Amino acid sequence: MKNKGRINRLLTRKILLLLIALLTLSMVFTGCGKKEAGETEEEAASEESQEAEAEASTNEEDAAEAEAATEEEEAEEEEETTDIAVKTKLAYVDVLKRFVDKGSLPDGVDISDLIVDDSRPIEESEFAVYDVTGDGKEDLIIDFISTGTDSMFERIYIYDEDLGEVKEIFFSRPFTDFYTNGFIRSEVSYNNGVAGSFWPYELFEFDPGTGSYERNAFVDAWDGKAFPEDFDGNVFPADADGDGDKMLYYVYLDSQEGFVPPPIDVEELNRWLKDETYDAKLLDIRWQKITADNIKGIEKDARGR
């Protein structure tokens, strides 16, 4: 009985040792598995980081290439624009030189017969290089006053880059008013009506579609102080003269041919003009005498020296 108990104790002890050994091995293997799993996760994270860095680098390179291409295109456009601007001014210089030297203008206009003995020198006439049409390109305006009053004129020219030549787009009497949005207010040659102190004018607008000016309206007036009656014996319509200044205006729209407009006060006239021209403002244009020195100045400016 004593030996049997001893044997049982030995078996129990061996079983416990075996269990401890198995538990230890299990912990070792588990630790190794975790380590390997950890290494795998770290490797995956490292690979993802490398891929992200590579993709970011590629994106940066693409962005840099796109930016460089854009800058190159902008430089080419700027160079082309500059080239056209230079050609435009040099073409205007040629027009002005021929005007002074030969008395001729584009489209076969000859002014030599317009200069009379009592006329002022041709150098007294004026010119300007300015974008009056509002299309972003400079125009040439010539005010020819070196002649009799009836022969004076103002002409506007543009440079046609496709044809490589200067073209006339507007003709009127001198001293017109130029406004933003491509508008021109041009007084008519004669004031033979009942406008009195008011000088009738025409309103023109530049049409980018046709490349020329189109007349929008003709504005006339009735000066009641100077003309109590018109030439037909009609009495000045005082009932329409709300401000009592004895001056009424008539706006004849080209779009309403044959329509006789009602008389309006100056306040309504100004309101109409503001709406018609989109609140255009008077342009401040630098006029120059047509002299050799001033023409040379335009040429130097065009050549950048």
Side-chain angles (χ1 to χ4, degrees), residues 85 88-89 92 95-96 120 124-146 149 152-159 166-191 193 195-223 243 245 247-255 261 263-291 294 297-298 301:
T88 298
K89 280 191 174 180
Y92 294 161
V95 169
L96 292 169
R120 288 177 287 183
E124 287 297 306
S125 293
E126 296 182 324
F127 78 95
V129 177
Y130 196 95
D131 176 21
V132 294
T133 58
D135 63 354
K137 302 174 184 178
E138 290 183 314
D139 312 303
L140 173 64
I141 312 104
I142 294 179
D143 264 0
F144 178 59
I145 59 174
S146 306
T149 304
M152 293 181 180
F153 63 73
E154 182 170 85
R155 297 174 187 266
I156 301 176
Y157 299 94
I158 62 170
Y159 176 69
V166 175
K167 297 169 54 178
E168 178 187 309
I169 61 169
F170 183 75
F171 171 84
S172 74
R173 69 188 303 270
F175 314 119
T176 56
D177 292 327
F178 295 91
Y179 293 83
T180 56
N181 304 329
F183 284 92
I184 290 177
R185 170 177 166 164
S186 178
E187 293 182 347
V188 298
S189 300
Y190 298 98
N191 182 10
S197 59
F198 176 84
W199 203 278
Y201 67 85
E202 296 171 297
L203 184 69
F204 295 87
E205 180 181 6
F206 180 71
D207 183 353
T210 62
S212 61
Y213 280 91
E214 306 292 338
R215 197 180 84 158
N216 286 2
F218 167 69
V219 180
D220 202 354
W222 187 340
D223 185 346
D243 56 14
D245 64 352
M247 183 69 77
L248 291 171
Y249 305 89
Y250 300 84
V251 178
Y252 297 86
L253 299 176
D254 281 28
S255 60
I264 57 176
D265 275 326
V266 66
E267 183 178 347
E268 189 172 348
L269 173 66
N270 291 335
R271 185 165 53 250
W272 165 83
L273 186 60
K274 182 177 181 179
D275 292 341
E276 183 71 14
T277 62
Y278 313 107
D279 197 18
K281 307 300 181 185
L282 187 66
L283 292 174
D284 183 15
I285 297 176
R286 178 174 174 260
W287 293 94
Q288 301 182 68
K289 299 294 183 182
I290 304 181
T291 64
N294 287 336
I298 299 296
D301 181 57

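Fair warning: this is a prediction, and the values are worked out from it, not measured in the lab.
With contacts defined as side-chain heavy-atom distances shorter than 4.5 Å, the pair V266/M247 does not qualify. Inter-residue side-chain proximity for D143 and I290 is flagged as unmet; no heavy-atom pair is nearer than 4.5 Å. Residues Y252 and P261 are in side-chain contact: their nearest non-hydrogen atoms beyond the backbone lie under 4.5 Å apart. Counting heavy atoms from C-beta on, the side chains of L273 and Y249 never come closer than 4.5 Å. Between I298 and Q288, the closest side-chain pair of non-hydrogen atoms falls below 4.5 Å. Counting heavy atoms from C-beta on, the side chains of L203 and E276 come closer than 4.5 Å.
Rounding to the nearest 0.5 Å gives a distance of 10.0 Å between OH of Y250 and CD1 of I264. Annotation: the span from K137 atom NZ to I158 atom CD1 amounts to 8.0 Å, rounded to 0.5 Å. Rounding to the nearest 0.5 angstrom, the gap separating the OG atom in S212 from the CD atom in E168 is 11.0 Å. Within the model, atoms OG of S125 and CH2 of W287 stand 11.0 Å from one another, a figure rounded to the nearest 0.5 Å. A distance of 8.5 Å separates CG of D254 from CZ of F204, quoted to the nearest 0.5 Å. Between the CZ atom of R173 and the OH atom of Y201 there is a distance of 15.0 Å, given to the nearest 0.5 Å.
Nearest heavy atom pair, residue D220 against residue A195, reads OD1-CB, 3.7 Å. Closest heavy-atom contact between I285 and A128: CG2-CB, 3.6 Å. Across all non-hydrogen atoms, the minimal contact from A217 to V251 is CB-CG1, 4.3 Å. Taking each heavy atom of V188 and W199 in turn, the nearest pair found is O-NE1, 2.7 Å. Closest heavy-atom contact between N216 and E205: ND2-OE1, 3.0 Å. Closest approach of F198 to V219, counting heavy atoms only: CE2-O, 3.8 Å.
Annotation: cation-pi pair R155/Y157 absent, no NZ/CZ under 6.0 Å from the ring centroid and within 45° of its normal.
Between F127 and Y92, the distance separating the two ring centers is not shorter than 6.0 angstrom.
Classified by interplanar angle (parallel below 30°, tilted 30° to 60°, perpendicular above 60°), the ring pair F153/F171 is tilted.
With N181 contributing its side chain and F183 its backbone, the two residues share no donor-acceptor pair below 3.5 Å. For the pair N191 (side chain) and G196 (backbone), a donor-acceptor distance under 3.5 Å is present. Of the possible donor and acceptor atoms, one in the side chain of D139 sits under 3.5 Å from a partner among the backbone N and O of V132. A donor-acceptor distance shorter than 3.5 angstrom exists from the side chain of T180 to the backbone of K281, with no hydrogens or angles considered. Judged purely by atom type and a 3.5 angstrom limit, D265 has no side-chain atom pairing as donor or acceptor with the backbone of E267.
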Applying side chain to side chain contact (heavy atoms under 4.5 Å, CB included), run through V129 and T88 and close with a yes or a no. CA-CA 10 Å; V129 177; T88 298; over 6 Å; no
Are I169 and T133 close enough, and set up right, to give a side chain to side chain contact (heavy atoms under 4.5 Å, CB included), and what steps lead you there? CA-CA 10 Å; I169 61 169; T133 58; 3.8 Å; yes
Full working for side chain to side chain contact (heavy atoms under 4.5 Å, CB included) between R271 and E268: CA-CA 5 Å; R271 185 165 53 250; E268 189 172 348; 3.7 Å; yes
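Here the rule is side-chain contact (heavy atoms from CB on, under 4.5 Å) with I184, and of F206, F170, Y179 only F170 fits it.
In this model, no donor atom of one side chain and acceptor atom of the other lie less than 3.5 Å apart for T277 and D279. Under 3.5 Å, the side chains of E154 and T176 contain a donor-acceptor pair of N or O atoms.
Residue-environment remark: NZ (K167) stays at or below the threshold of 12 foreign heavy atoms within 6.0 Å. For D275, the CG atom sits in a packed shell: over 12 heavy atoms of surrounding residues, nucleotides or ligands are nearer than 6.0 Å.
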